[in-house]
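Report on the structure given below.
Letters A, B, ... are given to chains in the order of the sequence lines, protein chains preceding strands, and every chain is numbered from 1.
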Amino acid sequence: MDDQPARYDPAEAEPRWQAAWETRGCFRAGDNAARPKYYVLEMFPYPSGRIHMGHVRNYTMGDVVARYKRARGFSVLHPMGWDAFGLPAENAARDRRVSPAEWTYSNIAAMRGQLKAMGLSLDWARELATCDASYYVHEQRMFLDMLDHDLAYRKEAAVNWDPVDQTVLANEQVIDGRGWRSGAAVEQRQLTQWFFRITAFAEDLLRSLDTLDRWPEKVRLMQKNWIGRSEGLRVRFDLVESDGTLWPEPLEIYTTRGDTLFGASFCAVAPDHPLAATAAARDPAIAAFVEECRRAGTSVATLETAEKKGVETGLSAVHPFVPGRMLPVYVANFILMEYGTGAIFGCPAHDQRDLDFARKYGLPVRLVVAPRDMTPEAMSVGDEAFTEDGVLIHSDFLDGLEVETAKEAVAARLEAQGRGERMVNYRLRDWGVSRQRYWGCPIPVIHCEACGVVPVPRADLPVRLPDDVRFDRPGNPLDHHPTWKHVACPQCSAPARRETDTFDTFVDSSWYFARFCSPHAADQPVERAAADRWMPVDQYIGGVEHAILHLLYSRFFTRAMRQIGYVGLDEPFAGLFTQGMVIHETYRDANGQWLYPEQVATRDGRPVHGDSGAPVTIGPAEKMSKSRCNVVDPEAIIAQYGADTARWFMLADTPPERDSEWTAAGVEGAWRFVQRVWRLIHEVADALPPAGAAGSSTDAGGASLALRQAAHRAIAAVTEDIEAFRFNRGVARIHELVNAIGAAQGAMDGQPAPAVLREALETLVLLIGPLMPHLAEEAWAALGHATLVAETAWPAADPTLVQSGEITIAVQVNGKRRAEVTVPRDAAQGALEQAALALDPVRRAMEGRPARKVIVVPNRIVNVVV
RNA sequence: GCGAGAGUGGCGGAAUGGUAGACGCGACGGCCUCAAAAGCCGUUGUCCGCAAGGGCAUGCCGGUUCGAGUCCGGCCUCUCGCACCA
């Protein structure tokens, strides 16, 4: 007799249940208006070709939420798509001679299969890819809408040029002076570019952050800092030449410290300020300095260590309140043209940069703010500027005022004189969206010699990408294409030139969540009724690396879409969860070569190379990356253990917002748990009363009561944990239920009633449903159900069973725990006190002293103070 | 430099101001087996003690409280974000 213990075989069962869900259409987003809607979305992937563990973690979490909400009676929208434009496709085309489209679509097919193998409850009928003309045609439409609404415009600007990727980068894509993808040192170039007017919403984007109470505080803060609002003053200084001639234009500066105006000892402008250009034109020394700044300004090392440097323009600024005081005007390397007005006045005593500069060039340091508790005479400025609050001194009409009051007074007087005004300044700048790349959404405009920039007529959309492009030389293949860009001007029919720039791919991902509401709408990007039904996204889940770029752009786009009329709200994501990364140990051999996890074995407790037996050094867990070889392929894990095991491990291991370390032992543990649950149910399934008889127990026996309590406590706890995104804790509660069921079955002092056992097992299966959906279905069927867990309601906890009649509380003497006592729930304080004082360990600890005080917290603790 | 977050067993981690270490991993001992795998039972913060029992323990120092991992003040360390922003 072959009595091998039967095992759950996910390779056989998982595809079977995936097919069952698909046949039943379980995950189609229903338009049943009777049910409340819930839109759960995970950040859609770039189709690189294979999913990685980060995807597994991200999509598992989203799937738990989607399945749970469905079970709670919500009509759930849970879609998936592909962020499919981007440079890797062009690189693949260049290196492997496949077309970017071919490469991308075959990657999508492969990854779709992998995601399906995970058993995600997605509505695949809504799948979209941003590289489909059926998607980007609407992006082009929206761009024309944005032109109409003055939310898109063209200007020449100094842009960040990535010399390796040969493209322009947004400020957000420059990290420490380097391109976010290529890592190349970014250069400054003057180019005419398309911009989105994100600054039009700066104030609103900032203020509305306060309403996003289901976003992580950290992300809101990062966006707040990125928008960078500051209140200050714009001040115009008259300029005079060395011979006293008045310069035609005053110099406009920006400051947040108007109160220190009497401490001014110089002015400075950015190297790319118009005044610097004018000065450079007549003085080669200045021209040389400006050129030097332009070159140095892009290199990381110099940015961080650069010493404050400048050259005099030969002009002087007249102090607005002290007519006789002339301030030399410099071109200085630490002034940024992009911030404020690109010009400042320097007050060395109260600004560290100004002080460094003044010391270098021997400029006066005038103290105008003193701490409240110090006499002005005692103050001196060494190498450190005084930047704290205090009282104004040596400042004429400001003397004796607090800093804040002084700012007001200065602003009022300048405004009265017409020399300046209050001004709110933002660090945020308009979003440059032009990219000199092929594999992106073409910007639908035509350049005509006579008519200028002409939008492509809507009837002519989409502007499709040509298929026959070559990647054999650097630069934009669209620009090199022999015919594509040559078109007739829509207005005058004269020969004209197509815009060959494409959109930044962040544009594609800034509105896909809205498109999912009506993914097949042909005439418009978003059907208003569908958007009104589904938006906002109730729960958005993704990596914190998108805390600024993608999320800010999406918030901007939603505002733009509202202005145009596509949607009726400003904030696209009501709830946001940022998950941690998946990390893994690293391994190196004696030569420092990285090794893959599967190359490493353990012999005599030491890590060695599996083949050679040579010793291996284990490094700390880091983000999974191919270059370090510390990657684990989800497909291999799913093939070996099944999707449920991978999902369970991801959920069980670590709180979802933290980095999670993938370990072989952990996966084995998850696998054993899968088998344990399956066995638990199979061993008793035949002996149970039929399905439908659960919970009908009138048996008040101890074992039955205890098991019912365990089950209902698990329901209450797991429900709470899933709602709060504490999946690891929910997993622990499910373990406890499994332990309780096992203990009840093995108990010597009376078995639980079969109906109670059935109820406990069914509860277990339903609680597992969102986490390990295939195993849940398999177990549900084994318990005799013909229905699907995916279509079964979430269990409800009976409050009378969640609390027990007796509780055990601790008894302390002078704050130290000495004993515990079991009493009826809600026992009277007096009874508790008496019971506690009667305990042996308590009396021993009291050493015969009388209780001075007894603190009784009902159902919590008793503390005897002696 | 500015801002935010985090420091708890061998490890991942639990703990509305109320029994610190739930749950899992690992480890150790045992059962089953010819043997193994799988499974099952038990032990597992640390120190003293044969035991009963007791001492010490949540990065460090202080404070509030009957009671602090949790609150307050001051340090240390690590992680992340921003960074010449006037």
Side-chain angles (χ1 to χ4, degrees), chain A residues 4-5 7 175-176 216-222 224-226 228-230 232-233 253-258 260 268 270 297 303-308 332-336 338-347 350-354 356-357 425-427 544-545 547-548 580 605 621 648-649 652-655 657-661 663-670 672-673 675-676 679 717 726 728-739 742 746 808-821 841 844-845 851-857 859-866:
Chain A
Q4 279 287 322
R7 283 195 145 203
I175 295 143
D176 292 334
E217 187 58 42
K218 173 183 171 166
V219 173
R220 287 192 283 169
L221 191 71
M222 283 165 71
K224 187 180 171 209
N225 292 338
W226 189 263
R229 183 183 199 273
S230 70
L233 266 179
I253 63 92
Y254 176 73
T255 181
T256 56
R257 289 299 303 272
T260 63
L303 256 180
E304 277 171 6
T305 58
E307 132 184 61
K308 310 277 172 286
N333 63 350
F334 64 98
I335 312 299
L336 306 173
E338 303 81 37
Y339 189 79
T341 61
I344 60 146
F345 77 79
C347 175
H350 305 291
D351 182 287
Q352 192 57 47
R353 290 158 308 171
D354 295 350
D356 294 346
F357 191 81
N425 191 60
Y426 299 92
R427 213 187 71 118
V544 73
E545 66 273 18
I548 297 175
W648 188 254
F649 175 78
D653 183 57
T654 304
E657 67 278 10
R658 289 198 211 166
D659 288 352
S660 174
E661 186 177 347
T663 61
V667 180
E668 287 289 342
R672 281 199 302 271
F673 183 72
Q675 296 299 339
R676 187 178 176 201
R679 231 183 299 116
R726 290 187 296 223
N728 59 319
R729 239 175 49 157
V731 162
R733 298 287 96 90
I734 291 173
H735 269 286
E736 284 177 349
L737 177 57
V738 168
N739 290 343
T808 301
I809 66 171
V811 181
Q812 299 181 332
V813 177
N814 287 340
K816 271 190 194 297
R817 187 180 70 87
R818 294 298 175 182
E820 52 190 37
V821 59
R844 224 178 303 128
R852 285 199 287 138
K853 192 170 166 190
V854 181
I855 286 143
V856 181
V857 183
N859 299 332
R860 282 282 176 204
I861 204 164
V862 177
N863 189 10
V864 180
V865 185
V866 294

No-H, no-angle donor-acceptor pair, A:Arg733 side chain to B:A22 base, under 3.5 Å: yes
Of the nucleotides B:U19, B:A22, B:G67, which one has an atom closest to the side chain of A:Asn863? B:G67
Contact class for A:Ile335 (heavy atom, under 4.0 Å): base, sugar-phosphate, or nothing? base
Once you apply the 3.5 Å cut-off to both distances, tell me the Watson-Crick or G-U wobble partner of B:C71, or none. B:G63
When both distances are under 3.5 Å in a Watson-Crick or G-U wobble arrangement, the nucleotide paired with B:U58 is none
For B:A36 and B:C80, measure between their P atoms and round to the nearest Å. 47 Å
May I ask you to evaluate whether A:Tyr339 reaches the phosphate of B:A86, defined as a side-chain N or O under 4.0 Å from OP1 or OP2? yes
Which nucleotide, if any, forms a Watson-Crick or G-U wobble pair with B:A6, using both distances under 3.5 Å? B:U77
Is there a donor on the side chain of A:Lys218 or the base of B:C80 sitting less than 3.5 Å from an acceptor on the other? no
In whole angstrom, give the distance that lies between atom CZ of A:Phe649 and atom P of B:G12. 12 Å
Over how many whole Å does the gap from A:Glu668 atom CD to B:A37 atom P extend? 13 Å
What is the base-pairing partner of B:G12, counting Watson-Crick and G-U wobble geometry with both distances under 3.5 Å? B:C23
Non-hydrogen atoms of A:Val544 and A:Val219 that approach each other most closely: CG2-CG2, 4.4 Å
If the P atom of B:U65 is compared with that of B:A14, how far apart are they to the nearest Å? 31 Å
May I ask you to verify whether the side chain of A:Arg353 and the base of B:A86 hold a donor-acceptor pair under 3.5 Å? yes
Rounded to the nearest Å, what distance is computed from the CD atom of residue A:Glu820 to the P atom of nucleotide B:U19? 11 Å
Between the side-chain atoms of A:Arg860 and the base atoms of B:U19, is any donor-acceptor pair under 3.5 Å? no
Need one value for A:Pro655: base, sugar-phosphate or nothing, where a base atom within 4.0 Å counts as base even if backbone is also close, heavy atoms only. sugar-phosphate
Measuring from the side chain of A:Gln812 (C-beta onward, heavy atoms only), which nucleotide among B:G18, B:A14, B:C23 has the closest atom? B:G18
